[in-house]
Amino acid sequence: MSFRLFDLNDPQRHAATTLEGPLLILAGAGTGKTRVITVRIAYMLAQGVAPESILALTFTNKAATEMRERLAGMVDKEVAKRVTMSTFHSLCVRILRTDIEKLGYKKNFTIYDEGDQNGLIKKIITKTAAIGEKLEPNLAKSLISKAKNNGWNAPQDEKTLIGSVFARYQVELKALNAVDFDDLLLLTVKLLSEHPDVRQRWQRRYRYLMVDEFQDTNRLQLEMVGYLAKNEEGSPPNVAVVGDDDQSIYGWRGAEVSNILEFEQHFPNPTVIKLEQNYRSTNAILNTANALIKNNPRRRPKKLWSGKGEGDKIRLVQAPNDREEAEFIANEIQRRKVEEVLEFEHFAVLFRMNAQSRLLEEAFRERQIPYKIVGGKSFFDRREVKDVLAYAACALNADDDVSLLRIINTPPRGISAAVVERALDLSIRHKCSLFQGLQLPELQRTVTPKAAAAIAAFVSQMDHWETKLNEPLVDQVALFRSLIAESGYYEDLRRSCKTPDEAHKRESGVRDVIEGFGRFSENSTDGLRGYLDSMALRQEKEEDEKDKEQGSGVMLITLHASKGLEFPHCYLVGLEEGILPHDRSKVEGTLDEERRLLYVGITRAQKTLTMTYCFNRFRFGGVVPCNPSSFIKELDPALLERIDLQKMLSAPVEAPVVKSRFAAMRAAVERVK
DNA sequence: CCCGCTGTGATTTTT
DNA sequence: TCACAGCGGG
């Protein structure tokens, strides 16, 4: 055991050593939350708790991995491995793969990601909507998701379009033997609530639960924790949750802040511990954050402080427009890197909307400042990756219509759109899958002999791979490789790409997927199905070669994506009414969450924080005037240094400043020597 | 099947 | 303004 309890501060140690009963750890930003969680687990193990009986739930794979690695550094690696650390969704997959048959699904169900979900919903809307009726697929998707997360079941017979789309969507998913992300939670909760044998098995397995980022849990996740934490003796559940209500920024995704605000109602008589000592930022930064967040009515009062001293004032810069804002930041970062001897990696620019990054990118590119944008199109969403995964999904479960539709004519194999359409209609009438629909004599009779032959060839091909994949002790990686090779997909790629360069890139994407399966198989026995699961749950590492080579640079990142990260020097841009808080938050009544978003942004900064706003901004195709964010009024003016860019630019730089800058640069040159 | 035209709408995105 | 989806023509 190489962990030391006395390295923790008092509340941290109290949290790490309280093992019995409900425990609420209110961990403010930068208060050493992950450390407390891992030490707490190490402490449990030291106390003789069986590693198998510990469950730690996170939201992201990144968090689960980090926790695993930190624990492995503290205790015997073999013991650490036996602790379950998993995302909610991964645990659900594990539970469902064992017992989903009790709910009428087959064990080889497919997990639909948002793209698949979109495809299915679009299809259903066009089939269901009467002439003149319209429904935004995205709206439908979010309504369905909200409904599922609130534990509502699909309406049996619904008069409204959205109601019938919802009902039909659920029926079709089940027919396709597919589940979406929400179903993973919904069905797990259903299984646990309706099947006492299953419930007992999992309740007995885990005796100590921990939940990270508890403020982000939704209703189903809370329910799931409730079931898993319950013990037969009826004694208080050993459930420890860690979170910060002030950093709840995913309400629009179904997260319920009330889960953490009303924790005592869900788990009576908990020990409540506040972590308020921050190890990240200066007090100027923390007190700015404190001043802002205390304006939120529904929260657990907290006040962050740190031993890092007061630090620089927070700079509030007003720029005439968004272009000047971007150029100011780029110029300044370039200057500060030299004068203050910093790396580009020490800087981050945070914004509300992705669209705001464009001008910044331009400004950085002009000055050849390296930068890194997080987000954007993911490896998983690349066309060739989805295609190849769809092949695998079909080989394992040909009744998966969405995957089948994706590949049925990729490459073109002589099954025309009209034939597919007819097969689809038939499959609906016969209540069977598209794959089965293709094989109905009723269809065969109505198509040309050529098409019939093409269908037969395709069907026998898929059957062949299915049989092969199900043979015991078979080399699934090799099978997968030949499945793709023999499908003619590579040839199709070369043909369909405009440039050889693009074709090359896409081909290597395909190879990455296959190699990814190879690597997966080295330390898993879950086979191709397991690999598809891990891809759907984004467990596989995104191999971005460029990322590694480029190193990094200035981080350009949305406020949402910045949660959990920290940077020495932060720029928070676009602090304008309408952007932060965003216009839509007013109609949606989510101003509190916007405030939390700014709070999250402020608390990312370690040493210096600069906030900017403009008087004019290019939006919706025109220059629109804008006002400073109403949140600015809530900050402590004593900690703010206001800078007017226009004035600063027109005024000549004062001689002493020039002198000191010159000295700083000379010093920098000396250091390089 | 591919390209270009037109219309529309424009937060955030852990799984 | 600009991105992208959907559709009609070549």
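From a predicted model like this one, the values you see are computed outputs, not experimental measurements. First the proteins, then the strands, lettered A, B, ... as listed; each starts at 1. What's counted below: heavy atoms across the whole structure, side chains too, no hydrogens, waters or symmetry copies.
- Taking CZ of A:R617 as the reference point, atom SG of A:C626 lies at 6.0 Å (rounded to 0.5 Å).
- Read 5' to 3', the first and last nucleotides of DNA chain B with an atom closer than 4.0 Å to a heavy atom of chain A are B:dC1 to B:dT15.
- When the C1' atom of C:dA5 is taken as reference, atom CG of A:N118 falls 12 Å away, rounded to whole Å.
- A cation-pi contact links A:R97 to A:F109, judged by a cut-off of 6.0 Å to the six-membered ring centre and 45° from its axis.
- Note on A:E66 versus A:R70: salt bridge recorded, some NZ/NE/NH1/NH2 to OD/OE distance being below 4.0 Å.
- With values rounded to the nearest 0.5 angstrom, A:I95 atom CD1 is found 11.5 Å from A:L187 atom CG.
- Non-hydrogen atoms lying under 4.0 Å from DNA chain C are contributed by A:F618, A:F620, A:G621, all within residues 615-631 of chain A.
- A:D216 and A:K563 are joined by a salt bridge, as a carboxylate oxygen and a charged side-chain nitrogen come within less than 4.0 angstrom of each other.
- As judged by a 4.0 angstrom heavy-atom cut-off over every strand, A:D182 is placed among residues making no nucleic acid contact.
- For the P atom pair drawn from B:dT11 and C:dC4, the interatomic distance equals 13 Å after rounding to whole Å.
- Using atom C1' as the reference point in both B:dT14 and C:dA3, the two lie 26 Å apart (nearest Å).
- Distance A:N138 CG to C:dA3 C1': 15 Å, rounded to the nearest Å.
- Contact annotation: the side chain of A:L559 approaches that of A:L572 to within less than 4.5 Å [non-hydrogen atoms, C-beta and beyond].
- Between A:H582 and A:D492, it is A:D492 whose nearest contact on DNA chain B lies nearer the 5' terminus.
- Between A:K62 and A:N409, the residue anchored closer to the 5' end of DNA chain B is A:N409, taking for each the nucleotide with the nearest heavy atom.
- One finds a salt bridge joining A:E593 and A:R596 here, because a Lys/Arg side-chain nitrogen approaches an Asp/Glu carboxylate oxygen to under 4.0 Å.
- If you take CZ on A:R506 and OH on A:Y489, they are separated by 7.5 Å, rounding to the nearest 0.5 Å.
- Residue A:R596 is classed as having no contact, given no heavy-atom separation below 4.0 Å to the nucleic acid.
- Proximity of a side-chain donor or acceptor of A:D183 to a complementary backbone N or O of A:D180 within less than 3.5 Å is detected.
- Contacts between residues 588-595 of chain A and DNA chain B, defined by a heavy-atom separation below 4.0 Å, involve A:E588, A:E594, listed by number.
- With respect to A:K386 and A:D116, a salt bridge is recorded, a charged nitrogen being found less than 4.0 Å from a carboxylate O.
- Under 4.0 Å is where a charged nitrogen must lie from a carboxylate oxygen, and between A:R352 and A:E594 at least one such pair does.
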